[in-house]
**Student:** 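One structure follows; several queries about it will come next.
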Amino acid sequence: MAPVLPVVLPLQPRIRLAQGLWLLSWLLALVGGLTLFCSGHLLVQLRHLGTFLAPSCPFATLPQVALAASAVALGTGLVGSGASRASLDAAQYPPWRGVLGPLLVAGTAGGGGLLVLALGLALVLPGTLDTGLEEGLGTALAHYKDTEVPGRCQAKRLLDELQIKHQCCGRHGYKDWFGIQWVSSRYLDPNDQDVVDRIQSNVEGLYLIDGVPFSCCNPHSPRPCLQSQLSDPHAHPLYDPRQPNLNLWAQGCHGVLLGYLQGLASTLGNLLAVTFLLQALVLLGLRYLQTALEGLGGVIDGEGEAQGYLFPGGLKDMLKTVWLQGGVAHRPAPEEAPPEEAPPKEGPSEV
Amino acid sequence: MALLKIKFDQKKRVKLAQGLWLMNWLSVLAGIIIFGLGLFLKIELRKRSDVMDNSESHFVPNSLIGMGVLSCVFNSLAGKICYDALDPAKYAKWKPWLKSYLAVCVLFNIALFLVALCCFLLRGSLESTLAHGLKNGMKFYRDTDTPGRCFMKKTIDMLQIEFKCCGNNGFRDWFEIQWISNRYLDFSSKEVKDRVKSNVDGRYLLDGVPFSCCNPNSPRPCIQYQLTNNSAHYSYDHQTEELNLWVRGCRAALLSYYSNLMNSMGAVVLLVWLFEVTITIGLRYLHTALEGVSNPEDPECVSEGWLLEKSVPETWKAFLESVKKLGKGNQVEAEGAEAGQSPEAG
């Protein structure tokens, strides 16, 4: 049974490996912490923008999975730094001997699995944002006037604050406001002829006007904001349509929010990729260090040349032993069992 | 009789020196924090200097920055002294400077306390600067064509949106100034002509406010114009309507913002001051304990540390005497010179 990918590790390279591993582990801890912070930030932003995303949109699972994955990466980094530090000191290493094996398995299976899942979600989910935002923003616009309806009374305030903060107006432009009734019927005078005319002019009996709410106003405009009678060129004196229109926000909220959330998701995806790389390196290094030190019988500064390897036997032999062990009823497992049981999970995720 | 005498044996002296060394380095960190706080306050004041007529006083942030730097310098020096205090050879070179250094430390502590007080007390000058600056800012709101003032509209709009306020003391301040530029007024319209003729200065005044005064929490779309005319809007009573516009004035909003900032900074500086006083007292004890080591060959001996060699009134008398002696010394020399001259002349 030949060990898989053996590397001879005399004393000096072992020390170098431990030192390099210590640095890499702290780097992994740092990047893990950064990813944790980034996914937390995305989660908070999604909480604020929750009303503008359709409830069926699965985008919210990305920051949650990324949070878990980065927490495990942070833990792996801290464990790795502790273990590599201990491997340089003969007095500190013995307590780590028993713990390192199961920790490596947990780190590879749990951490690796979560990271791969998070990376996959980061690639797939931003595509679902488009439809989610379309539906969510449409609902929010339709409920702008429902300030008296319980459960919807916050829509006006949230939409106003969104348009002011993200500097956008309507879904794809300010004309979206012309197609919905955004003035509550409670504040419409039923005796006013203009109101009656407008309500009777369309099939659904909506009070539609060519005006927009105040939150669409652009403070950069040199003239006081024009909110009403926007389709009538003669309604406002000295209005020059040839000048660049600074009066209202030009962008639609759909485009702005899509860009914003996709930007956050891509940053998170990049950080997750870097974390994945670092975690794979740290786990590999720890495995080699562990097997080399096991070869010496746990004696740290032994001058002997130990061999570090990934798995003690070839893949086929290991699968055979595992199958045999599983087939025969509950024999007491030999020492090699824990690393051998791991391979079916370790193999695919190690790549 | 010495003030607050404490006996120090070798171990206690070493512990004192080590503890002081650690405290000094923590104090350097605190100095960096104060420096950062001063810088932050300076940037915040600069950001809004447009609405303060560019005449706001930068005394508080400048003094915080200065105190932070001084604290770093003094405390790192003190840390070095404490580190060397354990080695008699290295300590010997610091010995002559230590008394004057302690005097400088006391002065620094007094200055730090005064700066902390200033953080709490300089609110009044900020209030008058803000009132004056906002009044001018609102006057220039319509001058979007005048170079040098074209940004004032944007600044005031963003200020009212961010701080959730309207006008100087309230939204009625907008009724008293012309905030729509003449360029966008149609002077052929009768309404405009009436309004312009209705007041002495020929200004276009109206009972309306800019859009940035609108409160998004209002259940109805924002009413900006004809605010005092109840019949112009359906189901509207301007006396009882509270949610339509922001009620707070921007002067009060900005003042409360800066007051909170300066109060919390003042609290932090007071804490650091207490820490610094503790360090100075510890340094004085270390100084006197090391001075009191009577036999330099026997480092294990017990020495005494105190704050002042004699009690407070005696020290004050001795200080006055030394000042008088300085004056008398000059007098004696002058008399001696005269006496020397007169026998020669006579």
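Numbers restart at 1 for each chain; the letters A, B, ... are given by sequence-line order, proteins then strands. Being a predicted model, the structure only gives us computed values, none of them experimental.
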**Student:** Considering all heavy atoms of both residues, which atom of Tyr234(B) and which atom of Tyr187(A) are nearest to each other, and what is their separation?
**Tutor:**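 Between these two residues, the closest heavy atoms are CD2-C, 3.6 Å.
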**Student:** Of the backbone (N, CA, C, O) and the side chain (C-beta and beyond), which part of Leu188(A) lies under 4.5 Å from a heavy atom of chain B, both, or neither?
**Tutor:**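 Backbone only.
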**Student:** Grab the two heavy atoms, one from Lys156(A) and one from Arg220(B), that are nearest each other, plus how far apart they are.
**Tutor:**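 Closest approach of Lys156(A) to Arg220(B): CE-O, 3.7 Å.
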**Student:** Given that the side chain runs from C-beta out, which part of Ile161(B) has a heavy atom under 4.5 Å from chain A: side chain, backbone, both or neither?
**Tutor:**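 The answer is the side chain of Ile161(B).
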**Student:** Name the residue from Ser218(B), Cys214(B), Pro216(B), Pro221(B) that meets the side-chain contact (heavy atoms from CB on, under 4.5 Å) definition with Asp160(A).
**Tutor:**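 Going through Ser218(B), Cys214(B), Pro216(B), Pro221(B) one by one, the side-chain contact (heavy atoms from CB on, under 4.5 Å) with Asp160(A) is satisfied by Pro216(B) alone.
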**Student:** Would you say CZ of Phe163(B) has more than 12 non-hydrogen atoms from neighbouring residues, nucleotides or ligands within 6.0 angstrom?
**Tutor:**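 Enclosed: over 12 neighbouring heavy atoms sit under 6.0 Å from CZ of Phe163(B).
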**Student:** What is the distance from atom CG of Asn217(B) to atom CD of Gln154(A), rounded to the nearest 0.5 Å?
**Tutor:**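 If I round to the nearest 0.5 Å, the distance is 8.0 Å.
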**Student:** Return the CD to OH distance between Gln227(A) and Tyr225(B), rounded to the nearest 0.5 Å.
**Tutor:**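 Between Gln227(A) CD and Tyr225(B) OH, I get 7.5 Å after rounding to 0.5 Å.
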**Student:** How long is the gap from SG on Cys217(A) to CD on Gln224(B), to the nearest 0.5 Å?
**Tutor:**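 It is 6.5 Å, given to the nearest 0.5 Å.
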**Student:** If you count heavy atoms of other groups shown closer than 6.0 angstrom to CZ of Arg198(A), is the number above 12?
**Tutor:**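 Yes, the 6.0 Å shell around CZ holds more than 12 heavy atoms from other groups.
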**Student:** Which heavy atom of Thr147(A) sits nearest a heavy atom of Pro219(B), and at what distance?
**Tutor:**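 Closest heavy-atom pair between Thr147(A) and Pro219(B): OG1-O, 3.0 Å.
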**Student:** Compare every heavy atom of Cys222(B) with every heavy atom of Phe214(A), then report the nearest pair and how far apart it is.
**Tutor:**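 The pair with the smallest heavy-atom distance is CD2-CB, 3.8 Å.
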**Student:** Ignoring hydrogens, what is the shortest heavy-atom contact between Lys154(B) and His220(A)? Give both atom names and the distance.
**Tutor:**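 Looking at all heavy atoms of both residues, the shortest contact is CD-CD2, 3.0 Å.
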**Student:** Enter the distance from Lys153(B):NZ to Arg223(A):CZ here, rounded to the nearest 0.5 Å.
**Tutor:**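 If we round to the nearest 0.5 Å, Lys153(B):NZ and Arg223(A):CZ are 11.0 Å apart.
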**Student:** If you draw a 6.0 Å radius around CZ in Arg157(A), do more than 12 non-hydrogen atoms from other residues or ligands fall strictly inside?
**Tutor:**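 Count over threshold, so yes.
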**Student:** For the CZ atom on Phe37(A), are there more than 12 heavy atoms of other groups (residues, nucleotides or ligands in this structure) within a distance under 6.0 Å?
**Tutor:**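 No, because the 6.0 Å sphere around CZ of Phe37(A) holds 12 heavy atoms or fewer from other groups.
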**Student:** Counting neighbours of NZ on Lys42(B) that are heavy atoms of other residues, nucleotides or ligands and sit closer than 6.0 Å, is the number greater than 12?
**Tutor:**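 Result for NZ/Lys42(B): enclosed.
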**Student:** Which value, rounded to the nearest 0.5 Å, describes the distance between Met158(B) atom CE and Ile164(A) atom CD1?
**Tutor:**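 Those atoms lie 11.0 Å apart.
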**Student:** Taking all atoms of both residues into account, what is the closest heavy-atom pair of Pro222(A) and Thr144(B), and its distance?
**Tutor:**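 Heavy atoms only, the tightest pair is O-OG1, 3.0 Å.
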**Student:** Does any heavy atom of chain B fall under 4.5 Å from the side chain of Pro224(A), the backbone, both, or neither of them?
**Tutor:**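 Backbone plus side chain of Pro224(A), per the 4.5 Å heavy-atom cut-off to chain B.
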